[in-house]
Visitor: 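Sharing a structure with you now.
Predicted, not measured: the structure shown is a model, and the values here were computed from it. By convention in this document, chain letters (A, B, ...) are assigned in the order of the sequence lines, proteins followed by strands, and residues within each chain are numbered from 1. These numbers come from the heavy atoms of this one structure, side chains and all, not from hydrogens, waters or symmetry mates.
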Number of protein chains: 4
Amino acid sequence: MQSRTPAARTGRPRSAAADAAILAATRAALVELGWSKLTLGDVATRAGVAKTTLYRRWAGKNELVVDAVAELFDELELPDRGSLAADVEGVVLQFAAILARPEAKSGLMAVVAESTRDAALRARIRGSIVERQMRLVLEGRARAQRRGELALEGDPAEAARTGELIFDMVAGAVVHRTLVSGNQADEEWVRGFTRVLLLGLTAPSA
Amino acid sequence: MQSRTPAARTGRPRSAAADAAILAATRAALVELGWSKLTLGDVATRAGVAKTTLYRRWAGKNELVVDAVAELFDELELPDRGSLAADVEGVVLQFAAILARPEAKSGLMAVVAESTRDAALRARIRGSIVERQMRLVLEGRARAQRRGELALEGDPAEAARTGELIFDMVAGAVVHRTLVSGNQADEEWVRGFTRVLLLGLTAPSA
Amino acid sequence: MQSRTPAARTGRPRSAAADAAILAATRAALVELGWSKLTLGDVATRAGVAKTTLYRRWAGKNELVVDAVAELFDELELPDRGSLAADVEGVVLQFAAILARPEAKSGLMAVVAESTRDAALRARIRGSIVERQMRLVLEGRARAQRRGELALEGDPAEAARTGELIFDMVAGAVVHRTLVSGNQADEEWVRGFTRVLLLGLTAPSA
Amino acid sequence: MQSRTPAARTGRPRSAAADAAILAATRAALVELGWSKLTLGDVATRAGVAKTTLYRRWAGKNELVVDAVAELFDELELPDRGSLAADVEGVVLQFAAILARPEAKSGLMAVVAESTRDAALRARIRGSIVERQMRLVLEGRARAQRRGELALEGDPAEAARTGELIFDMVAGAVVHRTLVSGNQADEEWVRGFTRVLLLGLTAPSA
DNA sequence: AAATAAACGAGACGGTACGTCAGGTCTTGAA
DNA sequence: TTCAAGACCTGACGTACCGTCTCGTTTATTT
């Protein structure tokens with residue numbers, strides 16, 4: 001997560017258990033208190049750890065919460081469900097399920113908000129959360145192209161642009177429905193969304 | 001903004017100028033400091049107002065920022081640009097321009113994050129920000145239906161569902177690109193997005 | 001109490017009832033809350049009066065409390081009980097009874113404390129509280145001298161010095177016992193005190 | 001002053017220097033500002049200490065000022081001056097000199113006033129100020145009894161009563177003259193006072 | 001009767017201090 | 001060198017009172 005240095009042999013070694021305990025405590029605090037009422041002192045107490053231990057590993061609340069939330073997205077997978085529509089529906093439902101959890105709800109938008117003024121935080125979010133999702137989109141598109149369900153782009157720049165567009169449309173719609181509109185992204189909604197998205201991507205532009 | 005009650009004739013009336021000064025000061029502080037470093041004491045000082053005056057009118061930082069940001073969306077309009085595509089591109093560009101402003105960037109996601117644990121705040125955001133945008137979407141769709149560019153829905157429930165879907169897709173994509181992906185929603189992107197969206201909405205479902 | 005000017009004929013006259021209500025409310029608040037938690041807003045409310053009315057008559061908390069407490073000492077009297085000892089015991093008991101009341105306890109020492117840094121307040125206290133008590137002492141001494149129980153001083157300066165000394169010894173002992181030592185100045189104590197005092201004043205200095 | 005507990009071995013120990021700095025700053029603030037304008041934030045700043053450090057050690061303004069003023073009385077001593085009259089005059093002059101200092105003037109009566117409604121504060125004042133003075137009185141009396149200048153009481157209860165009476169008369173007279181009457185307790189006054197007091201205590205009751 | 005003028009209630013206003021809380025750092029002794 | 005504990009400095013919080021002000025209203029006296 002941090003301190004990648006394999007050196008540092010002398011002195012008492014850092015407790016490996018502490019990291020996991022702290023992240024778990026962070027998520028628990030997010031569920032109970034939400035972002036704004038979460039305090040690092042409380043997280044340390046919950047984790048059975050001193051505040052100094054926590055600060056030795058993370059720079060502050062933002063970085064800690066990014067790491068704690070990022071782990072939630074580890075479970076995102078893209079099994080081959082046989083068709084592009086089924087793949088999209090599957091992954092969107094997974095994504096919606098994660099976003100519906102209170103620790104994600106509370107924490108994710110908050111760190112995104114903070115990241116608007118902090119480039120390092122933005123990079124950290126991108127690296128540990130956004131790109132992970134983005135990779136799924138690209139992988140799904142490649143699979144659909146192998147299946148012949150989506151056309152192959154000739155221009156690599158055009159390919160990148162389209163990939164980004166798809167990603168923003170998918171993630172944006174789910175996030176907006178869940179967090180802004182405050183509705184559930186259930187199966188019915190996901191089917192409707194997928195239908196419009198795929199029609200838009202595959203219909204002849206005429 | 002608050003206390004619409006026409007009662008309360010007695011006592012010194014509240015200064016109307018103070019409201020405007022406070023909201024303007026809030027936006028200025030958002031630009032300079034961002035959400036997390038904005039303090040109500042500082043806003044009061046900037047507005048030339050006592051902290052108590054501020055607390056007499058707003059319950060806290062969240063409510064104040066919602067009102068301050070909401071005013072930014074007052075300029076959203078939907079002039080008839082002749083075609084559905086032109087209308088969509090026009091309004092999305094306007095929306096993107098507002099979101100690109102630092103006072104919106106800083107404040108909007110933060111209050112949305114807070115609103116995940118505060119129903120009253122959620123209602124305030126919906127009332128003063130979200131529904132205003134939603135109305136534009138509905139109006140645009142109605143205009144397109146009058147033009148014959150979009151089909152009329154028979155079922156009103158189906159119509160509402162579709163309206164919500166379109167809204168979440170439009171707002172979500174722009175917000176996600178601007179705030180999460182961290183890219184600009186420029187004309188080229190808007191054209192590409194509009195193409196996919198409208199194809200998805202108008203192409204025969206096969 | 002204030003505004004001694006007999007002029008000011010035009011306009012609505014000040015309510016005489018308000019003064020009395022305010023002073024009574026002040027004493028009630030002293031009893032319930034004590035000096036430090038007494039607020040002028042609360043006094044105004046108790047008196048059924050606006051804060052402005054209160055401030056039109058008194059400069060602040062100190063002045064108000066001096067006037068409110070001063071009225072308590074109106075009941076001090078010096079009836080002729082036949083002997084100096086009886087006179088002293090009588091007036092000391094009266095004085096102790098007033099000091100034992102919570103409104104006096106709370107307010108008196110507080111304004112004295114404030115007066116150490118405010119000459120105007122000191123003058124006000126002297127004028128409306130201290131001199132009233134002092135006059136009793138002088139009157140009692142004169143009576144005792146008429147009776148032949150105390151010697152007549154030849155030197156008027158010496159007479160003044162002795163008068164002040166007696167006053168400080170009497171008032172000081174009662175106040176100290178009541179407020180600092182925190183004991184009751186009951187009949188037994190008063191008898192003991194009077195005995196020592198009068199012996200000290202009348203015994204041959206030899 | 002507080003936390004006499006020898007426990008609490010873990011964690012960073014409290015700074016001993018901070019205590020002294022805070023009490024000195026409190027006295028300085030009393031001199032400059034007086035009781036009512038003394039603020040704990042200002043004291044903390046003067047002491048070069050955070051407000052929280054101050055609140056960690058004292059419950060509030062009252063307790064702090066009691067401790068700050070109590071230290072002034074540390075210098076009270078009762079050297080053997082050869083006779084009871086000389087002993088009394090000496091200690092009364094010392095006491096008057098302390099009371100004449102602005103930090104004592106401002107603070108002492110104020111905390112006494114507060115203590116009328118706060119038993120814990122009353123106990124604190126008694127423990128750290130009043131009993132210290134009382135002990136001097138008792139010691140002086142015992143010395144005079146050894147010298148044969150004062151009679152030995154047979155009844156211990158009577159002895160206690162007389163001790164209290166003497167103490168209230170001495171302290172009360174000095175305090176009243178200094179703080180209420182607003183005059184200086186100079187040598188001349190002290191001589192006059194001592195004469196009356198000792199005559200009262202030693203003359204045959206006739 | 002009308003005009004004038006001050007006092008009145010209500011309550012908003014700019015301030016100041018309150019006592020608390022969280023952030024992030026530092027200091028101790030033990031592991 | 002890390003750890004738990006907890007004291008430390010900093011700075012914002014939201015509240016309470018202060019004493020002033022601005023309203024519309026009431027109650028006198030003066031025309």
Side-chain angles (χ1 to χ4, degrees), chain A residues 8-15 18 36-45 47-61, chain B residues 8-18 36-45 47-61, chain C residues 3 8-15 18 36-45 47-61, chain D residues 8-16 18 36-45 47-61:
Chain A
R9 261 152 308 154
T10 177
R12 175 169 171 176
R14 288 195 178 169
S15 158
S36 61
K37 295 193 178 167
L38 174 151
T39 71
L40 295 196
D42 177 57
V43 167
T45 303
V49 141
K51 257 203 299 180
T52 38
T53 299
L54 204 155
Y55 277 105
R56 209 172 285 121
R57 292 162 154 85
W58 285 275
K61 190 166 161 174
Chain B
R9 266 147 301 130
T10 180
R12 178 173 171 175
R14 289 197 177 167
S15 158
S36 61
K37 295 191 178 168
L38 177 152
T39 71
L40 297 197
D42 176 58
V43 167
T45 302
V49 140
K51 239 191 330 171
T52 41
T53 298
L54 207 155
Y55 278 105
R56 206 174 289 119
R57 293 157 194 236
W58 285 277
K61 191 166 160 172
Chain C
S3 82
R9 263 152 306 153
T10 178
R12 175 173 172 175
R14 289 193 178 169
S15 158
S36 61
K37 295 192 179 167
L38 176 151
T39 71
L40 296 196
D42 177 57
V43 168
T45 303
V49 142
K51 254 201 304 179
T52 38
T53 298
L54 204 155
Y55 277 104
R56 208 172 286 122
R57 292 163 154 83
W58 285 277
K61 190 167 161 174
Chain D
R9 267 148 302 131
T10 181
R12 176 174 173 174
R14 289 194 178 170
S15 160
S36 62
K37 294 191 179 167
L38 177 151
T39 71
L40 295 197
D42 177 58
V43 167
T45 303
V49 140
K51 241 193 325 173
T52 41
T53 297
L54 207 154
Y55 278 106
R56 204 175 290 119
R57 293 156 194 237
W58 286 277
K61 190 167 161 172

Visitor: When every nucleotide of nucleotides 26-31 of chain E is labelled 5' to 3' by its protein contacts under 4.0 Å (heavy atoms), B for base, S for sugar-phosphate only, - for none, what sequence of letters results?
Guide: BBS--B

Visitor: Take atom CZ of C/R57 and atom C1' of F/dT20, then tell me their distance rounded to the nearest Å.
Guide: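 From C/R57 CZ to F/dT20 C1': 18 Å.
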
Visitor: Looking at every heavy atom in both A/K61 and A/L40, which two are closest together, and how far apart are they?
Guide: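 Reported closest heavy-atom pair: N-CD1, 3.9 Å.
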
Visitor: Quick one: list whatever passes side-chain hydrogen bond (donor to acceptor under 3.5 Å, both in side chains) with B/T39, sequence neighbours left out.
Guide: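 Once residues adjacent in sequence are excluded, B/T39 has no partner under the side-chain hydrogen bond (donor to acceptor under 3.5 Å, both in side chains) criterion.
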
Visitor: Once you round it to whole Å, what is the distance between P of E/dC21 and NZ of D/K51?
Guide: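 These atoms are roughly 13 Å apart.
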
Visitor: F/dT20 C1' sits how many Å from C/L40 CG, rounded?
Guide: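 Nearest whole value for this atom pair: 13 Å.
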
Visitor: OP1 or OP2 of F/dC3 sitting under 4.0 Å from any side-chain N/O of A/R56?
Guide: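 It does, given that an N or O in the side chain of A/R56 lies less than 4.0 Å from OP1 or OP2 of F/dC3.
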
Visitor: How many Å lie between CG on C/L54 and P on F/dC17, as a whole number?
Guide: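 From C/L54 CG to F/dC17 P: 15 Å.
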
Visitor: Can you work out whether D/S15 or C/T39 has the more 5'-proximal nearest nucleotide on DNA chain F?
Guide: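 Whichever sits nearer the 5' end wins; that is D/S15.
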
Visitor: Reckon C/G48 touches a base, only the sugar-phosphate, or nothing at all at heavy-atom distances under 4.0 Å?
Guide: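 Sugar-phosphate contact only.
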
Visitor: I want to check one thing: is the phosphate of F/dC9, taken as OP1 and OP2, less than 4.0 Å away from some side-chain N or O of D/T53?
Guide: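 Yes, within the criterion.
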
Visitor: Please state how far atom NZ in A/K61 lies from atom P in E/dT25, giving the value in whole angstrom units.
Guide: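 Result: 16 Å.
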
Visitor: What distance do D/R57 atom CZ and D/T52 atom OG1 have between them, rounded to the nearest 0.5 Å?
Guide: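 One finds 10.0 Å between CZ of D/R57 and OG1 of D/T52.
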
Visitor: Nearest whole angstrom, please: distance from the P of F/dA16 to the CG of C/L38.
Guide: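 Roughly 17 Å, once rounded to whole Å.
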
Visitor: Which listed nucleotide (E/dT25, F/dG14, E/dA10) is nearest to the side chain of B/Y55?
Guide: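 So the nucleotide nearest the side chain must be F/dG14.
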
Visitor: Rounding to a whole Å, what distance do you find between A/D42:CG and E/dG23:C1'?
Guide: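 Checked: the CG to C1' distance equals 14 Å.
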
Visitor: If you look at every heavy atom in A/V49 and A/A18, which pair is closest and at what distance?
Guide: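 Heavy atoms of A/V49 and A/A18 come nearest at CG2-CB, 4.2 Å.
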
Visitor: If you assign each of C/V49 and D/G41 to its closest nucleotide in DNA chain E, which residue comes earlier from the 5' end?
Guide: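 Going by which nucleotide is closer to the 5' end, it is C/V49.
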
